Amino acid sequence: MPRRPIHVTGAPQAPLRAALRSLRTTLDVPGEFPAEVLAEAEEAVRAPRLPAYDATHVPLFTVDPPGAVDLDQAMHLARREGGGYRVHYAIADVAAFVRPGGAIDAEAHRRVMTLYFPDGKIPLHPPRLSEGAASLLPGQTCPALLWRVDLDALGRTETVDVRRALVRSRARLDYSAVQQRIDAGTAQEPVALLRDIGRLREALERERGGISLNVPEQEIVERGDTYFLGFRAPLPADGWNAQISLLTGMAAADLMTATGTGILRTLPAAPLGEVARLRRVARALRIEWPHHTSYAEIVRSLDPTKAAHAAFLQECTTLLRGAGYTVFTNGEVPDPAVHAAVAAPYTHCTAPLRRLVDRYAGELCVAAAAGEEPPQWVRDALPGLPREMAEGTRRAATVERECVDVVEAALLRDRVGDLFHARVVDVRDHDRAVGTVHLEDVAVVGRVEGGGADLPLGERITVRLTQADPGTAKVLFTPA
């Protein structure tokens with residue numbers, strides 16, 4: 001989960017546009033796709049590897065942000081006769097278009113992940129594939145890995161199958177539309193069941209001690225001729241949709257561990273020191289955290305529409321540091337093999353258009369479900385994937401962090417010298433005159449220093465903006 005997702009609503013101001021263009025150069029991110037990659041993509045579109053099984057009769061639908069065209073997942077939800085539910089979850093079959101060892105494959109290993117900037121993205125695969133032939137766009141027949149997961153009446157997994165299939169999505173929905181239809185009682189059953197199944201899976205998550213962080217998005221909002229930073233709190237539908245992806249990732253991990261070959265997404269338990277730091281932040285934000293209450297329980301009690309809770313949720317993402325990928329072969333399943341936030345074995349397999357490892361995880365699961373050995377090209381790549389994914393994740397985190405800095409500086413550049421009300425949410429242990437403040441009237445979390453005296457952790461103070469230049473300097477405040 002990104003620390004502070006951020007996107008632009010409307011056309012960004014000229015200084016921001018220029019700063020974002022410059023940032024692409026500074027970070028040395030991938031540019032245009034080489035000609036041989038684009039040529040191979042065109043060839044792949046003309047002759048993809050198509051499966052024999054036709055599942056176009058399943059009326060799938062997608063749930064994504066408005067305007068998204070790189071659609072990795074589509075679903076259909078139904079009640080089972082005799083009780084329980086059936087989840088059909090189609091994942092874009094990128095391997096149907098990408099030849100192992102080919103130009104697209106090599107470029108994907110160089111890029112590793114799609115990189116998101118506030119004003120656009122740098123895709124993992126050529127748009128001809130990721131936004132076209134391989135995307136699960138409505139009305140388009142395309143190859144997919146089709147998962148079928150049967151759940152009991154409480155949402156627990158009973159049976160799992162995954163196979164290659166031709167699929168065709170019927171509708172492209174966004175989170176807001178899904179939420180409105182469900183709330184109004186106008187959603188057809190396959191969409192309405194997203195709430196029912198999502199809530200059951202959330203209850204099971206609580207039961208096993210897992211936690212999903214509903215981190216608000218930092219958003220640039222246009223108001224007249226001016227732009228402001230605000231937070232968009234996630235809708236319940238965001239969480240229900242995420243539960244279907246988590247369900248599939250857990251099912252994939254179970255398939256892999258059962259066969260003894262796979263790659264898991266793992267996360268160690270949070271260090272006690274980091275939990276203690278979060279308790280300090282909670283006190284600073286006036287969030288009551290009783291000593292007998294677990295981290296997971298306190299997070300579930302938060303309301304992301306409240307500014308203090310939103311700030312705390314952003315800080316909670318620090319407990320996700322240390323996540324990595326663990327490969328195992330020849331039946332040597334790692335111990336522990338658990339992702340601490342999921343509280344179960346888990347793997348990334350639902351976003352192959354945007355993340356390299358998912359293509360390999362999908363191949364492992366299809367082979368496992370069929371009782372076959374994974375392809376050799378998959379086995380050959382497994383040892384190197386953790387390192388590649390770690391490097392790609394670091395690059396994506398850097399892009400995200402620098403984008404936040406640039407956006408904040410660009411939108412506050414004309415307010416240098418202004419005063420803001422803020423709350424001190426963190427103080428350095430070795431220099432208590434330096435810390436972090438969360439502004440009350442602007443969605444900014446920034447560094448504060450230069451006052452000389454110790455910062456009052458948890459207290460409301462007035463700060464002055466001393467620097468904000470999208471080209472050279474990050475946002476910095478000093479106590480007023």
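Nothing here was measured: the structure is a model prediction, and the numbers come from that model. Below, all heavy atoms of this structure are taken into account, side chains as well, without hydrogens, waters or symmetry copies.
A donor-acceptor pair is defined here as one N or O able to donate and one able to accept, closer than 3.5 Å; no such pair exists between the side chain of T436 and the backbone of D426. Using modelled atom types, no side-chain atom of T466 and backbone atom of T478 make a donor-acceptor pair closer than 3.5 Å. Without hydrogens or angle criteria, S135 side chain to G132 main chain gives no donor-acceptor distance under 3.5 Å. Proximity of a side-chain donor or acceptor of R428 to a complementary backbone N or O of V434 within less than 3.5 Å is not detected. A donor-acceptor pair is defined here as one N or O able to donate and one able to accept, closer than 3.5 Å; no such pair exists between the side chain of D72 and the backbone of I91. In terms of modelled atom types and a separation under 3.5 Å, the side chain of R279 and the main chain of W289 share a donor-acceptor contact. A donor-acceptor pair under 3.5 Å links the side-chain atoms of D358 to the main chain of C349, judged by distance alone.
Between V281 and F312 there is a side-chain heavy-atom pair separated by less than 4.5 Å. At least one side-chain heavy atom of R208 sits under 4.5 Å from a side-chain heavy atom of V342. Taking the side chain as every heavy atom from C-beta outward, F328 and T257 approach each other to under 4.5 Å. Taking the side chain as every heavy atom from C-beta outward, L439 and H421 never approach each other to under 4.5 Å. Residues H125 and F97 have side chains not in contact (no heavy-atom distance under 4.5 Å, counting atoms from C-beta outward). Residues L313 and V299 form a side-chain contact, since some pair of their non-hydrogen atoms from C-beta on lies under 4.5 Å apart. Inter-residue side-chain proximity for P34 and E107 is flagged as met; some heavy-atom pair is nearer than 4.5 Å. Side-chain contact between V338 and T266 is absent, with no heavy atoms from C-beta onward closer than 4.5 Å.
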Please step through side chain to side chain contact (heavy atoms under 4.5 Å, CB included) for the pair V112 and M389, ending with a clear verdict. CA-CA 6 Å; V112 184; M389 292 305 302; 3.6 Å; yes
Check step by step if ring-ring contact (aromatic ring centres under 6.0 Å, His included) holds for H438 and F477. CA-CA 11 Å; H438 185 278; F477 299 91; over 10 Å; no
What's the verdict on side chain to side chain contact (heavy atoms under 4.5 Å, CB included) for L124 and M113, showing C-alpha distance, side-chain angles and the deciding distance? CA-CA 5 Å; L124 172 61; M113 299 175 70; 5.9 Å; no
Check the pair W147, C365 against side chain to side chain contact (heavy atoms under 4.5 Å, CB included), reporting the backbone distance first and the verdict last. CA-CA 10 Å; W147 290 80; C365 291; 3.8 Å; yes
E459/R286 under salt bridge (charged side-chain N to carboxylate O under 4.0 Å, His left out): CA gap, chis, key distance, verdict: CA-CA 9 Å; E459 297 299 319; R286 300 293 194 269; 3.7 Å; yes
Go through T326 and I263 one step at a time and tell me if the side chain to side chain contact (heavy atoms under 4.5 Å, CB included) criterion holds. CA-CA 5 Å; T326 302; I263 180 167; over 6 Å; no
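Other residues, nucleotides and ligands contribute more than 12 heavy atoms inside 6.0 Å of the CD atom of E189. More than 12 heavy atoms of other shown residues, nucleotides or ligands fall within 6.0 angstrom of atom NE2 in H109. By the neighbour-count criterion of 12 heavy atoms within 6.0 Å, atom CZ of R280 is densely surrounded, having more than that number from other residues, nucleotides or ligands. The 12-atom threshold is not exceeded at CD of Q188, counting heavy atoms of other residues, nucleotides or ligands nearer than 6.0 Å.
Summarising the geometry, atom CD belonging to Q73 is positioned 12.0 Å from atom CZ belonging to F61; distances are rounded to the nearest 0.5 Å. Taking CE of M250 as the reference point, atom CG of L204 lies at 8.0 Å (rounded to 0.5 Å). From R355, atom CZ reaches atom OG1 of T393 across 8.5 Å, with rounding to the nearest 0.5 Å. Taken from CG in D93 to CG in L353, the straight-line distance is 10.0 Å, to the nearest 0.5 Å. Atoms CZ and CG, from R354 and L71 in turn, are 8.5 Å apart once rounded to the nearest 0.5 Å. Between atom CH2 of residue W240 and atom CG of residue L77 there is a gap of 12.5 Å, rounded to the nearest 0.5 Å.
For the pair R201 and D196, the salt-bridge criterion is not met [side-chain N within less than 4.0 Å of a carboxylate O]. Look at R206 and E202 and you find no salt bridge, because none of the NZ, NE, NH1 or NH2 atoms lies under 4.0 Å from a carboxylate O. Checked for salt-bridge contact, E207 and R156 meet the test: a charged N lies under 4.0 Å from a carboxylate O. A salt bridge links R460 with E440; the closest basic N to acidic carboxylate O contact falls under 4.0 Å. Salt bridge D64/R172: absent, no basic N to carboxylate O contact under 4.0 Å. Here R413 does not pair with D469 in a salt bridge; the nearest charged N to carboxylate O distance is not below 4.0 Å. A salt bridge between D70 and K121 is present, with a side-chain N of the basic residue lying under 4.0 Å from a carboxylate O of the acidic one. At a threshold of 4.0 Å, the pair R395-E400 does not count as salt-bridged, since none of the basic side-chain nitrogens sits closer than that to a carboxylate oxygen.
With no hydrogens or angles considered, a side-chain donor-acceptor pair links S245 and T350 at under 3.5 Å. Between E205 and S212, the side chains place a donor N or O and an acceptor N or O closer than 3.5 Å (distance only, hydrogens not considered). There is a side-chain donor-acceptor pair under 3.5 Å between S294 and E297.
Taking every heavy atom of both residues into account, S169 and L136 meet most closely at CB-O, 3.8 Å. Nearest heavy-atom pair, Y360 versus A381, reported as atom, atom and distance to 0.1 Å: CE2-CB, 3.4 Å. In terms of heavy-atom proximity, V437 sits nearest to A422 at CB-CB, 3.9 Å. I182 approaches V191 most closely through the heavy-atom pair CD1-O, 3.7 Å. Smallest separation of non-hydrogen atoms from P118 and V407: CG-CG2, 3.8 Å. Here the closest non-hydrogen pair linking T347 and L264 is OG1-CA, 4.0 Å.
Residues passing the side chain to side chain contact (heavy atoms under 4.5 Å, CB included) test with A433, sequence neighbours excluded: D431.
For H348 and Y325, the distance between ring centers is under 6.0 angstrom.
Ring pair H76/H88 is tilted by interplanar angle, where 30° to 60° counts as tilted. In this pair, Y346 and H339 present their aromatic rings perpendicular. The plane angle is above 60°, beyond the 30 to 60° band.
Stacking of R111 on the aromatic ring of F33 is recorded, both the 6.0 Å distance cut-off and the 45° axial limit being met.
Each of Q179, Q180, R181 was compared with D183 under the side-chain hydrogen bond (donor to acceptor under 3.5 Å, both in side chains) criterion, and only Q179 meets it.
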